[in-house]
Amino acid sequence: MSDAAGGVRGRDFTGYRIAGALSALLFLVLLAWQIVFMLGGGDTVTPEVAWSSAATEGPDTPGARTGGGTLVAETLTARTRLQDERFRTGPSAEGDVPERALDPGTRLTTAPLEDGSSLTAAWAVPDDDSAAMMHESGRVEGRSSLPYANAALFERPFARDWRIGMSDVITHMGALAILGMAFLLSAVLALRGRVPIRRGKSGRTVKRFGFLERATHWLTAISFLGLSFTGLAIAYGETLFVPLGARAMGTLGWWSTWGHVLFAPTFFLGILIMAVMWTAKNLPSRLDAQWLAQGGGFFSDDGPHPPARKFNAGQKLIFWSAILGGLVMVLTGVTLMFPFYWLDLGGMSWAMLIHAAIAVLLIAVFLAHIYIGSVGMHGAVHAMWSGRVDRNWAAEHHDLWLKENASDTEGAR
């Protein structure tokens, strides 16, 4: 039975608004936690165990004479002079040669260290000589003196930049992008509510997508979800899943590592078929600028929707994100699956950075796509579920396309 004209307009979808408000609050808390965590500074290594020596050969052993821990401290201090500059420690025969670590018969024991942060703070403040040695020099080019081919592995400064990029930039960027998009969509649902069918359902439908189109969409969507979940487990598993226990984390990591590879071929097949089927219909046109200028008509129930053919500007943006971003993901992913076949170490590092960055951005983009196609818009989900949409929905969102397919309709249901 069809809805009365304006029937859906009168509905405010209160339940959806409440769910959106609760979700927005949750994601806001998670987003704030991420920002605090990001601005909290880098992690430091803090000792948790102290060493001390114990005598095993009676009161005259070195350990007993020096009180255990003192011996260890003095010995380790002397040994660190091996790392000092040559003019101080050798190789002069008159130099102060450090003794071996411990005398025979000395046994090391461990005990919990109450405050290891003080040691970490002391290590983090080098003396003048150490600071001079650690100071980053200018660009130096030349031939390595190390006598083997892989010397560059020990000399490339890009390793530090790669670590910062993976551990800090992309990790935080991904969390902010995903949580930020989730918060934004939840807030829109709470404030705007669902986008209604203004005239209500007509009871007549028009065919929007055929079986092959829907099968390809779901093949790609399910593959992408599998890649997303396994990728997030690999990237954020230590933060999200370690509290569940080491065994759970190990099992999840094993499944994610293999599952991430297994979902890749079907994802590539999906975007390949979509590119063949829909590229011609997703080329930019003058209608797209008008659609974007009016926000797709999503933010107001008054006034006409901007005209659109089978795909509007928003759907075109999603399409090209999937095709172009997906191709980059496939190329970099295959490169990582078969390392060093066509790229050197520097190229492999860039491939991993690009793969991770595009991945988190695509997840954020497709969150918006999932939202609009499900709870965000009344009647949209049927397009990829049954393949048929209500005529009033089609007239509001794809009026030019509806005129081209006006004969392909069903009677009232």
Novice: Side chain to side chain contact (heavy atoms under 4.5 Å, CB included) between I178 and L232: does it pass, once the steps are laid out?
Specialist: CA-CA 11 Å; I178 295 171; L232 290 175; 4.0 Å; yes
Novice: Using every non-hydrogen atom in the two residues, find where A24 and S186 come nearest and quote the distance to one decimal.
Specialist: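 Looking at all heavy atoms of both residues, the closest pair is N-CB, 3.4 Å.
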Novice: When the ring planes of H369 and F366 are compared, do they come out parallel, tilted or perpendicular, using 30° and 60° as the limits?
Specialist: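 H369 and F366: perpendicular rings.
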Novice: Side chain to side chain contact (heavy atoms under 4.5 Å, CB included) for Y371 and V188? Distances and angles first, verdict last.
Specialist: CA-CA 10 Å; Y371 167 79; V188 169; 3.9 Å; yes
Novice: Apply the test side chain to side chain contact (heavy atoms under 4.5 Å, CB included) to residues I358 and T332: give CA-CA distance (whole Å), side-chain angles for both, the deciding distance (0.1 Å), then the verdict.
Specialist: CA-CA 10 Å; I358 298 298; T332 55; over 6 Å; no
Novice: Using a 6.0 Å cut-off, check whether atom CZ of F229 has over 12 heavy atoms from anything other than its own residue.
Specialist: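 Open: at most 12 neighbouring heavy atoms sit under 6.0 Å from CZ of F229.
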Novice: Taking all atoms of both residues into account, what is the closest heavy-atom pair of Q294 and P306, and its distance?
Specialist: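 Looks like OE1-CB, 3.7 Å.
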Novice: Measuring from atom CZ of F268 to atom CD1 of I271, what distance do you get when rounded to the nearest 0.5 angstrom?
Specialist: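 One finds 6.5 Å between CZ of F268 and CD1 of I271.
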Novice: Using a distance-only test with no angle check, is there a side-chain donor-acceptor pair under 3.5 angstrom linking T335 and W342?
Specialist: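 A pair is found: one side chain offers a donor N or O, the other an acceptor, under 3.5 Å apart.
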Novice: So, for H397 and A308, which heavy atoms are closest and what is the spacing to 0.1 Å?
Specialist: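 It is O-CB, 3.5 Å.
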Novice: Got W162 and L353 here, is their nearest side-chain heavy-atom distance under 4.5 Å?
Specialist: yes
Novice: Do the non-hydrogen side-chain atoms of I197 and E396 ever get within less than 4.5 Å of each other?
Specialist: yes
Novice: Answer yes or no: is there a donor N or O on one side and an acceptor on the other, between the side chain of N282 and the main chain of W278, under 3.5 Å?
Specialist: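 Yes; at least one donor-acceptor contact below 3.5 Å.
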Novice: Just how far is it from atom OG1 of T216 to atom CE of M384, taken to the nearest 0.5 Å?
Specialist: 8.5 Å
Novice: Does R194 reach the main-chain N or O of S374 with its side chain, forming a donor-acceptor pair under 3.5 Å?
Specialist: yes
Novice: With under 30° as parallel and over 60° as perpendicular, where do the rings of F37 and H172 fit, or are they tilted in between?
Specialist: perpendicular
Novice: Calculate, to the nearest 0.5 Å, the distance between atoms CG and CG belonging to L31 and L179 respectively.
Specialist: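 It comes to 6.0 Å.
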Novice: Looking at R208, K310, K207, which one forms a salt bridge (charged side-chain N to carboxylate O under 4.0 Å, His left out) with E213?
Specialist: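 Considering R208, K310, K207, a salt bridge (charged side-chain N to carboxylate O under 4.0 Å, His left out) with E213 is found only for K310.
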Novice: Hey, which of L269, T220, L219 is the one that makes side chain to side chain contact (heavy atoms under 4.5 Å, CB included) with M274?
Specialist: T220
Novice: Anything under 30° is parallel, anything over 60° is perpendicular, the rest tilted; go ahead and classify F224 against F267.
Specialist: tilted
Novice: Give a yes or no on whether F211 atom CZ has more than 12 heavy-atom contacts from other residues, nucleotides or ligands under 6.0 Å away.
Specialist: no
Novice: Which residue in the set W393, F209, F311 passes ring-ring contact (aromatic ring centres under 6.0 Å, His included) when paired with H398?
Specialist: W393
Novice: Can you tell me how far the OG atom of S285 sits from the CH2 atom of W291, to the nearest 0.5 Å?
Specialist: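 Reported to 0.5 Å precision, the distance equals 12.0 Å.
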Novice: Is there a side-chain contact between L287 and L400 in this structure, where contact means two heavy atoms from C-beta onward sitting under 4.5 Å apart?
Specialist: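 In short, these two side chains touch, coming nearer than 4.5 Å.
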Novice: Could you tell me whether a side-chain N or O of D288 sits under 3.5 Å from a main-chain N or O of N312, the two making a donor and an acceptor?
Specialist: no
Novice: Please check if the side chain of D399 supplies one atom and the backbone of A394 the other of a donor-acceptor pair under 3.5 Å.
Specialist: no
Novice: Do the side chain of H378 and the main chain of V195 share a donor and acceptor less than 3.5 angstrom apart?
Specialist: no
Novice: Out of curiosity, K201 NZ to R391 CZ, how far, rounded to the nearest 0.5 Å?
Specialist: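 If we round to the nearest 0.5 Å, K201:NZ and R391:CZ are 16.0 Å apart.
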Novice: Which heavy atom of A177 sits nearest a heavy atom of A364, and at what distance?
Specialist: O-CB, 3.7 Å
Novice: Could you check if a side-chain atom of Q290 sits within less than 4.5 angstrom of a side-chain atom of P307, using non-hydrogen atoms only?
Specialist: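 They are in side-chain contact.
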Novice: Identify the two heavy atoms, one from L336 and one from A351, that lie closest to each other, and give their separation to 0.1 Å.
Specialist: CD2-CB, 4.3 Å
Novice: Going by heavy atoms in the side chains, are M329 and H355 under 4.5 Å from each other?
Specialist: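 With C-beta onward as the side chain, the pair touches.
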Novice: Please check if the side chain of R388 supplies one atom and the backbone of A383 the other of a donor-acceptor pair under 3.5 Å.
Specialist: no
Novice: Between F298 and H305, how do the two ring planes meet: parallel, tilted or perpendicular, split at 30° and 60°?
Specialist: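 Geometry flag for H305 against F298: perpendicular rings.
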Novice: Do V328 and L324 make a side-chain contact, defined as non-hydrogen atoms from C-beta onward lying under 4.5 Å apart?
Specialist: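 No - every pair of side-chain heavy atoms lies 4.5 Å or more apart.
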Novice: To the nearest 0.5 Å, what is the distance between CG (L184) and CG (L189)?
Specialist: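 Here the interatomic distance stands at 11.5 Å.
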Novice: Stepwise, does the side chain to side chain contact (heavy atoms under 4.5 Å, CB included) test hold for T171 with Y236?
Specialist: CA-CA 8 Å; T171 299; Y236 299 98; 3.6 Å; yes
Novice: Under the 3.5 angstrom rule, does the side chain of T279 hit a backbone N or O of V276 as a donor-acceptor pair?
Specialist: no
Novice: Which heavy-atom pair separates G297 from R198 by the least distance, and what is that distance?
Specialist: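 Looking at all heavy atoms of both residues, the shortest contact is O-NH2, 3.7 Å.
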